[in-house]
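Reading through the structure tokens given below for one structure.
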Amino acid sequence: MVSILAPAKLTLSLEIIGVRTDGYHLIKAEMVSLDLVDTLDISEGQGIEVQTNYLDQPWEFPKETLVPEGDNNLVANALSLIGRKAAVRINKKIPPGTGLGGGSSNAAAVLRWDKYEDLKCAAQIGADVPFCINGGRALVSGIGENVERMSYKKQDFTLLIPPFSCSTKAVYEHWDHLGGPKGDHGNDLEPAATSLYPELNKWRDLLGDTTGKQPRLAGSGSTWYVEGAFPKKGLHVVSSIPRHKFGD
């Protein structure tokens with residue numbers, strides 16, 4: 001058995017610069033890896049098992065945030081891409097559907113295990129997968145397949161993770177429906193996400209009132225974050241990590 005680390009990612013900026021004829025969105029984004037980490041135990045056999053041990057917080061994640069097992073999991077897509085079978089146990093700390101790239105990082109961990117480096121094909125699994133293969137800190141463009149590594153920068157962030165998930169697909173579709181708005185705080189998906197999921201606004205305001213800083217939406221949501229460490233109940237302080245910290 002081999003254990004592979006799958007760090008969460010945080011999107012620090014996200015600009016949508018176009019839409020391809022096939023519907024894929026072209027982006028320019030800065031992403032960093034965090035010390036919030038899932039672990040994948042990979043061994044001989046077949047099948048995907050998920051064990052959840054999400055961050056401690058004063059509310060429960062509803063059942064719709066359960067990570068799918070079997071063929072609906074992105075890990076299954078990654079195994080299919082590399083043409084391999086394995087028994088994979090996913091020890092999850094990253095809540096799914098919260099904009100922190102947990103599923104993409106899990107898939108990327110499998111690809112790194114196989115030493116797979118075709119980022120263009122990896123992007124077909126998910127736009128965040130190529131970055132998660134490389135990790136650290138990078139500028140990401142195209143539909144996610146172009147990853148330009150940047151020098152490591154130590155940063156602390158405070159996350160507020162609401163007790164619900166956001167659909168990335170639905171948020172992008174709503175962004176199209178709204179005519180492609182620009183975000184005021186560095187994330188072009190923020191207007192679409194808060195319009196589609198208006199309950200996001202109260203969690204943004206809670207984080208802003210608690211920290212005195214302007215929250216930003218992580219990817220398509222639902223997580224809000226500010227830079228800096230504000231350790232309080234219901235908030236989670238995380239730090240950026242360099243590529244070599246993955247330990248695989």
Side-chain angles (χ1 to χ4, degrees), residues 2-14 27 29-42 51-57 67 74-75 78 88 90-117 119 122-123 125-141 144 146-161 186-187 207 211 213 215-220 222-231 235-248:
V2 61
S3 293
I4 307 291
L5 299 183
K9 64 89 192 175
L10 188 62
T11 303
L12 302 184
S13 64
L14 175 60
I27 65 169
E30 179 183 350
M31 300 181 185
V32 296
S33 297
L34 301 177
D35 59 0
L36 170 59
V37 179
D38 290 346
T39 305
L40 276 68
D41 297 326
I42 305 175
Q51 297 182 341
T52 57
N53 183 26
Y54 297 145
L55 292 166
D56 293 333
Q57 56 186 34
V67 180
L74 292 184
V75 165
V88 182
I90 308 172
N91 303 290
K92 284 207 69 67
K93 287 187 175 293
I94 307 167
T98 56
L100 298 174
S104 294
S105 189
N106 294 166
V110 170
L111 299 181
R112 282 188 279 111
W113 165 69
D114 189 62
K115 301 188 185 328
Y116 186 88
E117 297 181 344
L119 300 187
I125 297 177
D128 294 332
V129 174
F131 166 76
C132 292
I133 291 174
N134 285 275
R137 178 171 171 244
L139 290 175
V140 179
S141 59
N146 300 318
V147 180
E148 180 183 346
R149 292 187 184 181
M150 302 172 67
S151 58
Y152 171 66
K153 179 180 178 182
K154 177 69 167 65
Q155 293 172 284
D156 295 324
F157 304 95
T158 299
L159 311 180
L160 189 154
I161 306 174
N187 181 353
L207 181 59
T211 63
K213 301 190 72 172
R216 292 185 174 187
L217 190 68
S220 57
S222 59
T223 298
W224 292 97
Y225 75 93
V226 297
E227 188 167 358
F230 299 89
L235 305 183
H236 305 287
V237 177
V238 295
S239 299
S240 60
I241 57 173
R243 173 68 178 84
H244 70 268
K245 291 290 187 181
F246 286 23
D248 60 320

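Just so it is clear, the values below take in all heavy atoms, side chains as well, and ignore hydrogens, waters and symmetry mates.
Between I161 atom CD1 and L207 atom CG the span is 11.0 Å, to the nearest 0.5 Å. Remark: I90 CD1 to I4 CD1 distance equals 13.0 Å, nearest 0.5 Å. Atom NZ in K213 sits 6.0 Å away from atom CD in E227 (nearest 0.5 Å). The distance from the NE2 atom of H236 to the CZ atom of F230 is 15.5 Å, given to the nearest 0.5 Å. Considering CD of Q51 and OG1 of T39, their distance stands at 11.0 Å, rounded to 0.5 Å. Interatomic distance, S240 OG to L12 CG, rounded to the nearest 0.5 Å: 8.5 Å.
Side-chain contact between L160 and P215 is absent, with no heavy-atom pair separated by less than 4.5 Å. Considering only heavy atoms from C-beta on, L217 comes within 4.5 Å of W224 through its side chain. Looking only at side-chain heavy atoms (C-beta outward), K92 and N106 come within less than 4.5 Å of each other. Residues L119 and N134 meet the side-chain proximity criterion, which asks for heavy atoms closer than 4.5 Å. Counting heavy atoms from C-beta outward, Q155 and L10 have side chains that stay 4.5 Å or more apart.
When the salt bridge (charged side-chain N to carboxylate O under 4.0 Å, His left out) test is applied to D41, the partners found at least two apart in sequence or on another chain are R89. Residues satisfying the side-chain hydrogen bond (donor to acceptor under 3.5 Å, both in side chains) test with S104, not counting sequence neighbours, are none.
Closest of all the heavy-atom pairs between R149 and A138 is CA-CB, 4.1 Å.
In this model, no donor atom of one side chain and acceptor atom of the other lie less than 3.5 Å apart for K153 and S151.
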